[in-house]
Amino acid sequence: MSGGVDSAVSAALLQRAGYEVVGVTCRFRDNAATEQAVADAAAVCAQLGIPHVVAGCEETFEECVVEPFVASYAAGFTPSPCVGCNARCKVPTLLAVADEQGCDRVATGHYARIARLSDTGRFGVLTALDARKDQSYMLSLLSQEQLARLVLPLGAMTKAEVRIIAADLGLAVAEKAESQDNCFIDGDYRPFLHAHGVQDEPGPIVDGAGAVLGRHEGLANYTVGQRKGIGVAGPEPYYVVEKRPATGELVVGFAQDALIDAVVVGVMNWQAFASLGEPYGAMVKLRYRSRPCACIIEPEDNQRVRIALRSPQPTTAPGQYAVLYDGDTVLGGGMIEEVVQA
C-alpha cells in the first residue's frame with residue numbers, strides 16, 4: 001500500500017471479496033514523502049481494520065533502482081526506473097513479506113490484468129479495460145513466479161470508479177492527488193545526478209554530418225527525441241537524435257532525422273511464451289506513454305531481438321523499454337539498447 005487511493009481501494013475490494021488482507025508499505029527512501037506515504041497507508045489500514053506492515057527495502061532500492069538509474073544516465077541512456085523497480089524491488093519485497101505473514105498472494109493497485117493463457121498455460125499480463133490508465137507496460141519484466149502470485153483488483157475499473165468507492169468508504173486518501181512517476185526525485189533530476197557523481201561536461205552540438213552548431217551543457221541534460229530547450233536554432237526545429245558519451249557530442253537533426261525504422265533490445269523477458277524462435281508480428285510500445293505501433297520481432301543471439309517497425313516512428317531513447325503486445329496480451333519486454341534511424 002503506497003499511501004495512495006489505488007492501493008487503498010484494492011485492499012478494500014479484496015477485503016469485501018472475503019480475503020484476509022494485510023497492508024504492506026515499502027519504505028524505499030528515508031524522506032518526508034515516504035513518511036507521509038506510510039502515515040496515509042496506516043490510516044487506511046486502521047479504517048479497514050487490517051494489519052499494517054512497513055517493509056524496509058532501502059538497500060535493495062538503492063542497488064536495484066537508484067544505482068542503475070545513475071549508471072544509465074552516465075552511459076548516455078535515458079532510463080525508465082519504475083519498470084525495473086516493479087520486477088526487482090517492489091514485487092520481490094511484497095512476496096517476501098507475504099511469506100513472512102503467511103499470505104498466499106500479493107496485490108497492487110496497478111491498472112492491468114493477470115490471466116492464465118489458454119494456449120501455453122503461462123501467466124500473462126493483459127491491458128487494463130480502461131486504456132487511459134493502462135499500466136501493463138510497467139509490469140512487463142515480471143517473471144512467471146511473480147505473476148503466479150499477483151492479484152490486480154483494478155484491472156477492470158476506471159479511476160473515476162476507484163475514487164467513488166474510496167469516497168463511499170470514507171477513506172482518508174479518496175481525493176489524494178496522483179503520485180509522481182519518479183518517486184525518488186523531487187522535481188529536476190539533474191541535481192540528483194550531480195549528487196551521485198554524474199558530471200555535466202559541456203561539449204559540441206553537431207548535426208549528422210559532424211558540423212558543429214553550438215555547445216551543450218552536459219549530455220545528461222538531454223534525452224533522445226527532445227525538441228525544446230536544445231539551444232540551437234535552424235530553419236526548422238532541431239531534435240536530439242543521438243548522444244555520444246565517448247566523444248561528448250550531442251547529435252541533432254530535423255524531424256525527418258528523428259524517425260527510426262527499428263530498435264535493438266537486450267535480454268528480453270518473455271511472458272506469454274518461454275522463448276521466440278521465429279519472427280513474429282506484434283505491436284510495440286517504445287515508451288510508456290507512446291501509442292503501440294505494428295512491428296516484426298526478429299530474434300537474434302543471446303536473447304536479443306531486433307524489432308523492425310512497419311512504418312517509421314518518432315525516435316525513442318535508449319534505456320527506455322520496448323514492450324510487445326499481441327492484442328491485449330503482453331508478450332514481453334526489454335530495454336532498448338540501440339535505435340536504427342530511418
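Keep in mind it's a predicted model, so treat the numbers as computed, not measured.
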Would [X] end up clustered with [Y] when hydrophobic side chains under 4.5 Å apart are linked, directly or stepwise?
{"X": "L171", "Y": "I165", "value": "yes"}
{"X": "V22", "Y": "V106", "value": "yes"}
{"X": "V97", "Y": "I50", "value": "no"}
{"X": "Y280", "Y": "I307", "value": "yes"}
{"X": "L259", "Y": "V240", "value": "no"}

For [X], does the [atom1] atom have more than 12 heavy-atom neighbours from other residues, nucleotides or ligands under 6.0 Å away?
{"X": "Y19", "atom1": "OH", "answer": "no"}
{"X": "E249", "atom1": "CD", "answer": "yes"}
{"X": "E63", "atom1": "CD", "answer": "no"}
{"X": "E278", "atom1": "CD", "answer": "no"}
{"X": "E59", "atom1": "CD", "answer": "no"}

Could you tell me if the side chain of [Y] sits less than 4.5 Å from the side chain of [X], heavy atoms only?
{"X": "L213", "Y": "Y238", "answer": "yes"}
{"X": "V38", "Y": "H52", "answer": "yes"}
{"X": "L150", "Y": "F123", "answer": "no"}
{"X": "R29", "Y": "F61", "answer": "yes"}
{"X": "V252", "Y": "V241", "answer": "no"}
{"X": "Q144", "Y": "R122", "answer": "yes"}
{"X": "L154", "Y": "V9", "answer": "yes"}
{"X": "N86", "Y": "L139", "answer": "yes"}

What's the separation between atom [atom1] in [X] and atom [atom2] in [Y], rounded to the nearest 0.5 Å?
{"X": "E298", "Y": "L276", "atom1": "CD", "atom2": "CG", "result": "10.0 Å"}
{"X": "L331", "Y": "I297", "atom1": "CG", "atom2": "CD1", "result": "5.5 Å"}
{"X": "Q271", "Y": "L324", "atom1": "CD", "atom2": "CG", "result": "10.5 Å"}
{"X": "Y222", "Y": "I230", "atom1": "OH", "atom2": "CD1", "result": "8.5 Å"}
{"X": "C103", "Y": "L94", "atom1": "SG", "atom2": "CG", "result": "10.5 Å"}
{"X": "R291", "Y": "L286", "atom1": "CZ", "atom2": "CG", "result": "14.0 Å"}

If every non-hydrogen atom of [X] is compared with every non-hydrogen atom of [Y], which pair is closest and at what distance?
{"X": "D261", "Y": "A342", "value": "OD2-CA, 3.2 Å"}
{"X": "Q15", "Y": "L48", "value": "NE2-O, 2.8 Å"}
{"X": "P153", "Y": "S10", "value": "CG-CB, 3.8 Å"}
{"X": "L141", "Y": "G333", "value": "CD2-O, 3.6 Å"}
{"X": "A308", "Y": "A262", "value": "CA-CB, 4.0 Å"}
{"X": "A55", "Y": "V24", "value": "CB-CG1, 4.2 Å"}

Side chains of [X] and [Y]: is there a donor and an acceptor less than 3.5 Å apart?
{"X": "T329", "Y": "D326", "answer": "no"}
{"X": "T158", "Y": "Y111", "answer": "no"}
{"X": "Q36", "Y": "D40", "answer": "yes"}
{"X": "S311", "Y": "Q313", "answer": "yes"}
{"X": "N221", "Y": "H216", "answer": "no"}

Does the pair E161 and R163 meet the rule for a salt bridge (Lys or Arg N to Asp or Glu O under 4.0 Å), with working shown? CA-CA 5 Å; E161 290 171 331; R163 289 207 183 274; over 6 Å; no

Going by side-chain contact (heavy atoms from CB on, under 4.5 Å), V151 matches just one of L13, D104, T108, L14. Which one? L14

Is a side-chain donor or acceptor of [X] paired with a backbone partner of [Y] at a separation under 3.5 angstrom?
{"X": "S80", "Y": "V83", "result": "no"}
{"X": "T60", "Y": "C57", "result": "no"}
{"X": "K285", "Y": "Y137", "result": "no"}
{"X": "K243", "Y": "L250", "result": "no"}
{"X": "T25", "Y": "V54", "result": "no"}
{"X": "Q146", "Y": "S143", "result": "yes"}
{"X": "D200", "Y": "G218", "result": "no"}
{"X": "E242", "Y": "V224", "result": "no"}
{"X": "S7", "Y": "S2", "result": "yes"}
{"X": "T315", "Y": "A258", "result": "no"}

Verdict with reasoning, E178 to K133, per salt bridge (Lys or Arg N to Asp or Glu O under 4.0 Å): CA-CA 12 Å; E178 296 270 12; K133 291 296 297 179; 3.1 Å; yes

R113 vs L152, test: side chain to side chain contact (heavy atoms under 4.5 Å, CB included). Steps then yes/no. CA-CA 6 Å; R113 296 171 290 157; L152 301 176; 5.6 Å; no

Determine whether Q320 and T78 satisfy the following criterion, side chain to side chain contact (heavy atoms under 4.5 Å, CB included), listing intermediate values before the conclusion. CA-CA 6 Å; Q320 297 292 295; T78 302; 3.9 Å; yes

Do any pairs count as a salt bridge (Lys or Arg N to Asp or Glu O under 4.0 Å) and have a residue in residues 65-92, sequence neighbours left out, and if so which ones? none

V323/M138 under side chain to side chain contact (heavy atoms under 4.5 Å, CB included): CA gap, chis, key distance, verdict: CA-CA 9 Å; V323 178; M138 293 295 180; over 6 Å; no

State which residue, out of K159, Q135, H110, fulfils the side chain to side chain donor-acceptor pair (under 3.5 Å) condition with D6.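 Answer after filtering K159, Q135, H110: K159.
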
Thinking salt bridges, do D99 and R149 make one under a 4.0 Å N-O criterion? yes

Basic-acidic side-chain contact under 4.0 Å: E338, R304: yes

Can you check side chain to side chain contact (heavy atoms under 4.5 Å, CB included) on V340 and I260, steps first, answer last? CA-CA 5 Å; V340 181; I260 57 174; 5.8 Å; no

Set of residues satisfying ring pair (Phe, Tyr, Trp, His ring centres under 6.0 Å) with respect to F69, sequence neighbours excluded: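 F69: ring pair (Phe, Tyr, Trp, His ring centres under 6.0 Å) contacts with Y73, F184.
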
